[in-house]
Amino acid sequence: MSATSPAAVVVLAAGEGTRMKSKTPKVLHEISGRSLVGHVVAAARELDPQHLVVVVGHASEQVTAHLNAGDAVRTAFQAEQNGTGHAVRMGLEELGGNVEGTVIVVCGDTPLLSGETLGALAATHAADANAVTVLSAEVPDSTGYGRIVRDSATGAVTEIVEHKDATEEQRAIREINSGVFAFDGRLLGDALGKVRTDNSQGEEYLTDVLSILREAGHRVGACVAGDHREILGINNRLQLAEARRLLNERLLERAMLAGVTVVDPASTLIDATVTYERDAVVHPGTQLLGTTHLAEDSEVGPNSRIENTVVGAGARVDNSVTLSAEIGAGALVGPYAYLRPGTRLGTKAKAGTYVEMKNATIGEGTKVPHLSYVGDATIGDHTNIGAASVFVNYDGVAKHHTTIGSHCRTGSDNMFVAPVTVGDGVYTAAGSVITKDVPAGSLAVARGQQRNIEGWVARKRPGSAAAQAAQASSQETDGQS
């Protein structure tokens, strides 16, 4: 922990979010690879707090399960939504009551809030020795927001005035309250016990703590966010889409400054969990999702969806979909390939046009160039799989595995009926259905003998276009003989 690391961060995520008009709890709606509350938790963890607790209420089991799907997050249950003050009190009770040190309170629906801004809030709170520090922002239009009123001499916050209660002079103030605070933990615990519910909602308001502490002679200050958009809360699908756009722009800017070429940022999506190395290139219409990693000099797109995929150095993915796959250095994918989970392409391997792979390990330099399905298979190094090949892996009940060795040349239109093993250096004839193991160095031919029945069309389809064409061809041949 650093000198300004808070003792605790309390995330408020108990509300239902009825304006989302969704069966999904508001804080679980996703943008850029994380849920709304997931983004807030990630930002809070950047502060390295001693304690982190998320207050849950509506759909608490669903929200808690989501939070614990990765690194476990401590939760506090707010059985009845009795206001923000009550929610913070539930969070502190989960931590054993009063907390010594700084307590930061954030809302679970502010996905644009960065760890850097929270860090600045904590640093300002410590430097100014405030009892409370409000994260504020200067906005172009402050209509509807609570205004931050400061002492002109000291800069201390004297009050937060809601828009409906503000004078004309106060309504001209552009600095507004974000709903994010840093508190002295001991003073916060004491003040929460004094919050009253004699208001129109009958709830415990966290903002009442500010007036309680100020009236007790403690200093209330503010820290202005560098970008007012960070404090935007999400209440409906329009705001969700806007936050997604803003966050995507921020993430792409970060990638480009790190040395990634993004040809058309306007048509490119990237998740917060994507990583990359310098000189990677992203073409238009590409989605980089989940835990995808782009290695140095890799090139993806256009029009590709790359999800939870490692793209090796110098590899190329063109107009394709890859899901939970590994693409080796210098490998080629597409155009129009589909790599499903468990696919591992070796160095300089190829999954070409209209090739689908699933749970398949493809060796170094091996090529599957055209129109093929490779499922539940292991293929060695420097093998070529002929066009229109199918690895027949499913018998209607269970999946079975196919193994093909190194330096093999399999013919076009082959069926490999699993379980089957093809040894190293094998050739297979076009049109073969391979149902038995093939020893190394063999030629496998597994197809019916061709039989030509001459005159069949004239007898069975007399007068047809085919019969007329055949007759004309025969007459032409006779004339040349």
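The backbone N or O of I234 lies less than 3.5 Å from a partner atom in the side chain of K26, making a donor-acceptor pair. Judged by distance alone, the side chain of N384 and the main-chain N or O of V368 form no donor-acceptor pair under 3.5 Å. The main-chain N or O of Y145 is never found under 3.5 Å from a side-chain atom of S142 such that the two would form a donor-acceptor pair. Proximity of a side-chain donor or acceptor of N177 to a complementary backbone N or O of G179 within less than 3.5 Å is detected. In this structure a side-chain-to-backbone donor-acceptor pair under 3.5 Å is missing from D279 to E296.
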Could you give the side-chain donor-acceptor pairs of residues 67-77 under 3.5 Å, partners two or more places apart or in another chain?
unit_1: N68; atom_1: OD1; unit_2: V73; atom_2: N; d: 3.0
unit_1: N68; atom_1: ND2; unit_2: T64; atom_2: O; d: 3.4
unit_1: R74; atom_1: NE; unit_2: E94; atom_2: OE2; d: 3.2
unit_1: R74; atom_1: NH2; unit_2: E94; atom_2: O; d: 2.8

Contacts table for residues 329-342: side-chain donor-acceptor under 3.5 angstrom, sequence neighbours left out:
unit_1: R340; atom_1: NH1; unit_2: E356; atom_2: OE2; d: 2.8

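The environment of K399 atom NZ is dense: over 12 non-hydrogen atoms of other residues, nucleotides or ligands sit within 6.0 angstrom. Heavy-atom neighbours of E138 CD from other residues, nucleotides or ligands within 6.0 Å: above the threshold of 12.
Among residues two or more places apart in sequence or in another chain, the salt bridge (charged side-chain N to carboxylate O under 4.0 Å, His left out) test is passed with D376 by K358. Scored by the side-chain hydrogen bond (donor to acceptor under 3.5 Å, both in side chains) test, T261 finds no partners at all (sequence neighbours excluded). The ring pair (Phe, Tyr, Trp, His ring centres under 6.0 Å) check on H407 picks up H382, with sequence neighbours excluded. By the salt bridge (charged side-chain N to carboxylate O under 4.0 Å, His left out) test, E175 is found to be paired with R150, residues two or more places apart in sequence or in another chain being considered. By the side-chain contact (heavy atoms from CB on, under 4.5 Å) test, E93 pairs with R89, M90, sequence neighbours left out. By the ring pair (Phe, Tyr, Trp, His ring centres under 6.0 Å) test, F391 pairs with F416, sequence neighbours left out. Under the salt bridge (charged side-chain N to carboxylate O under 4.0 Å, His left out) criterion, R237 pairs with no residue, sequence neighbours left out. Checked against side-chain contact (heavy atoms from CB on, under 4.5 Å), A43 has the following partners two or more places apart in sequence or in another chain: L118. When the salt bridge (charged side-chain N to carboxylate O under 4.0 Å, His left out) test is applied to R245, the partners found at least two apart in sequence or on another chain are E242, E249.
Closest heavy-atom contact between I306 and V311: CG2-CG2, 4.0 Å.
The closest side-chain donor-acceptor pair between T24 and H29, if any, does not fall under 3.5 angstrom. In summary, the side chains of N308 and T291 do present a donor paired with an acceptor at a separation below 3.5 Å, with no hydrogens or angles considered.
Within the structure, salt bridge (Lys or Arg N to Asp or Glu O under 4.0 Å) pairs that include any residue of residues 423-442 do not occur (at least two apart or interchain).
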